[in-house]
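Throughout, protein chains are lettered first and strands after them, A, B, ... in sequence-line order, and every chain is numbered starting at 1. Here the structure is a predicted model, which means the values were calculated and not measured.
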Protein chains: 2
Amino acid sequence: MKLNPHISVDCVIFGFDGEKLKILLLKRNISEDGNPVSSVDYKLPGNFISDEEDLNTAANRVLKDLTGLENIYLKQFKVFGKPDRVSKEKDLKWLHDTTGLPIRRVVTVAYYSLIEINRSKIELTGNNKAEWVSIEEARELAFDHNDILNAGLSTLRTKLQFEPVGMELLPEKFTLRQLQTLYEIILSRKLDNRNFRKKVLKVNYLTAMNEKEKDVAHKPAQLYSFNKELYLNNFIQFEGFQF
Amino acid sequence: MKLNPHISVDCVIFGFDGEKLKILLLKRNISEDGNPVSSVDYKLPGNFISDEEDLNTAANRVLKDLTGLENIYLKQFKVFGKPDRVSKEKDLKWLHDTTGLPIRRVVTVAYYSLIEINRSKIELTGNNKAEWVSIEEARELAFDHNDILNAGLSTLRTKLQFEPVGMELLPEKFTLRQLQTLYEIILSRKLDNRNFRKKVLKVNYLTAMNEKEKDVAHKPAQLYSFNKELYLNNFIQFEGFQF
DNA sequence: TAAGCTTAACGTATTTTATACGCTAAGTTT
DNA sequence: AAACTTAGCGTATAAAATACGTTAAGCTTA
């Protein structure tokens with residue numbers, strides 16, 4: 001029996017809660033026959049794509065179905081396509097086909113997405129329960145999803161050096177401290193706050209709001225917002241903060 | 001009738017002849033019924049992949065079948081997958097399937113490759129004739145191959161800024177002048193030769209040979225080679241020349 | 001209410017890196 | 001031997017990255 005190749009889209013969805021970098025995973029608590037499973041299983045959100053669907057459309061659909069959000073930062077970053085992808089027996093139960101056949105080979109187009117964690121209304125019902133998991137805890141994923149996650153994380157780190165993508169993970173109004181903490185966490189190192197501030201304020205696409213931080217036990221900081229249009233207009237090839 | 005998605009691998013193969021940046025294209029001179037065609041048609045080398053084949057393996061196979069070369073710089077850079085990819089009637093004749101059906105949708109995993117132009121023994125026979133075409137002349141490609149080519153070129157330019165990939169396009173022994181010319185052509189601007197030399201000689205992965213240029217009508221230059229192992233060992237995340 | 005704590009916010013000195021440009025050397029061609 | 005061409009070394013200046021000092025503004029607590 002010859003099986004056709006199937007194309008799926010998987011998304012590494014990043015979020016930031018102010019302290020940790022997180023990713024949105026699907027947790028399988030209950031096996032298909034209704035019995036509880038002993039081992040906890042996570043997988044990246046994803047789906048097979050239909051013949052008529054554009055890849056980017058499919059990725060956006062996965063994101064919308066899960067979070068309810070649209071027009072979100074979402075970029076393709078790699079394709080995974082080993083034919084022996086499904087090697088472990090237990091992984092087979094994750095795989096469905098419209099024909100009901102098990103799938104021996106899947107080509108996965110991997111996307112990474114940056115979303116503001118509080119805007120997402122994640123789906124808590126159903127068999128696949130969505131959950132924000134911090135990077136350190138996100139190990140032991142199904143299939144080759146660990147590889148995909150690591151590749152996505154590496155892409156995010158690299159991207160951050162050359163394009164101001166950090167703002168996508170923050171609320172519309174944010175302080176420079178929040179931005180710096182985010183950079184520090186993604187890059188895994190401390191940054192000098194005075195130099196960070198200098199570099200960041202040199203660009204013109206950060207607009208100071210007429211507003212300050214509230215309910216903090218110290219001097220409240222100025223709030224800023226990211227002017228995406230202004231950034232895109234001045235964008236030549238690369239622009240961002242290099243640390 | 002429901003058609004299954006098909007996955008193909010297309011390669012943007014770059015070469016450098018000392019003066020121009022070129023890409024390896026397949027030229028179709030004769031139509032399928034044997035009559036000459038009026039319009040010249042080019043396409044990128046590529047192939048459909050079988051169910052059992054790894055994507056990278058498939059790309060390497062395309063490269064080897066065409067040039068006879070193995071272990072060549074070859075990197076995946078983007079996936080193209082609009083369902084309406086085949087829109088023009090004339091493009092249909094390029095598409096085959098093992099079943100003989102026309103293909104309505106193809107997902108293409110695009111690779112770019114850097115090869116030393118003189119090492120390739122390209123296949124000059126057969127219906128699809130391979131030809132090195134300079135970038136400026138490479139217009140009017142079949143399907144969405146123009147998009148793929150442009151994306152590949154953009155990837156190469158960006159990559160060059162951060163990793164020393166230029167050497168892949170040069171012979172094993174090369175002069176700094178050759179290297180500079182290559183950089184100038186890919187980046188489309190003149191570089192100061194004294195500063196270029198300073199920056200390039202600071203790295204440790206360029207080894208001076210005990211040999212000089214020959215048969216030139218001026219002072220012969222020192223020959224260098226690229227020590228790939230040394231580069232990869234010292235490689236942290238990015239290293240290269242930024243101009 | 002004053003002292004102490006925390007983070008915001010501004011500034012300066014130093015080092016490193018990038019850029020601009022002058023000049024001599026070693027070959028070939030005429 | 002003079003003219004020509006590219007190789008190859010150096011220095012002076014500008015720009016960017018880094019290190020670090022200091023005051024300000026609000027909150028908490030004694």
I need the CD-P distance between B/Q178 and D/dG8, as an integer number of Å. 12 Å
Atom pair distance, as rounded to whole Å: CD in B/E213 and P in C/dA25: 21 Å
Approximate separation, where rounding is to 0.5 Å, of A/S225 OG and A/L206 CG: 8.0 Å
Between CD of B/Q222 and P of D/dT6 the distance, given in whole Å, is 19 Å
Between B/K228 and B/F226, is NZ or CZ placed under 6.0 angstrom from the six-membered ring centre and within 45° of the ring axis? no
Going 5' to 3' through nucleotides 20-30 of chain D, assign each nucleotide B (protein heavy atom under 4.0 Å from a base atom), S (under 4.0 Å only from sugar-phosphate atoms) or - (no protein heavy atom that close). BB--BBSS---
Determine, step by step, whether A/V107 and A/V79 satisfy the side-chain contact (heavy atoms from CB on, under 4.5 Å) criterion, reporting the C-alpha distance in whole Å, the side-chain angles of both residues, the deciding distance to 0.1 Å, and the verdict. CA-CA 7 Å; A/V107 167; A/V79 184; 3.6 Å; yes
N or O in side chain of B/R177 less than 4.0 angstrom from D/dT6 OP1/OP2: no
Round to the nearest Å and state the distance from B/Y224 atom OH to D/dA7 atom P. 11 Å
Starting at atom CD of A/Q180, determine the distance to atom C1' of C/dA8, rounded to an integer number of angstrom. 11 Å
Between A/L153 and A/I23, is any pair of side-chain heavy atoms under 4.5 Å apart? no
So, taking the atom named CZ in B/F196 and the one named CG in B/L176, what distance separates them when rounded to the nearest 0.5 Å? 7.0 Å
Considering residues at least two apart in sequence or located in another chain, which fulfil the salt bridge (Lys or Arg N to Asp or Glu O under 4.0 Å) criterion with B/D17? B/K22
Between C1' of D/dA19 and NZ of A/K190, the distance in whole Å: 17 Å
Gap between atoms NZ and C1', on B/K202 and C/dA18 respectively (whole Å): 9 Å
Could you tell me how far apart B/F196 (CZ) and C/dA20 (P) are, to the nearest whole angstrom? 16 Å
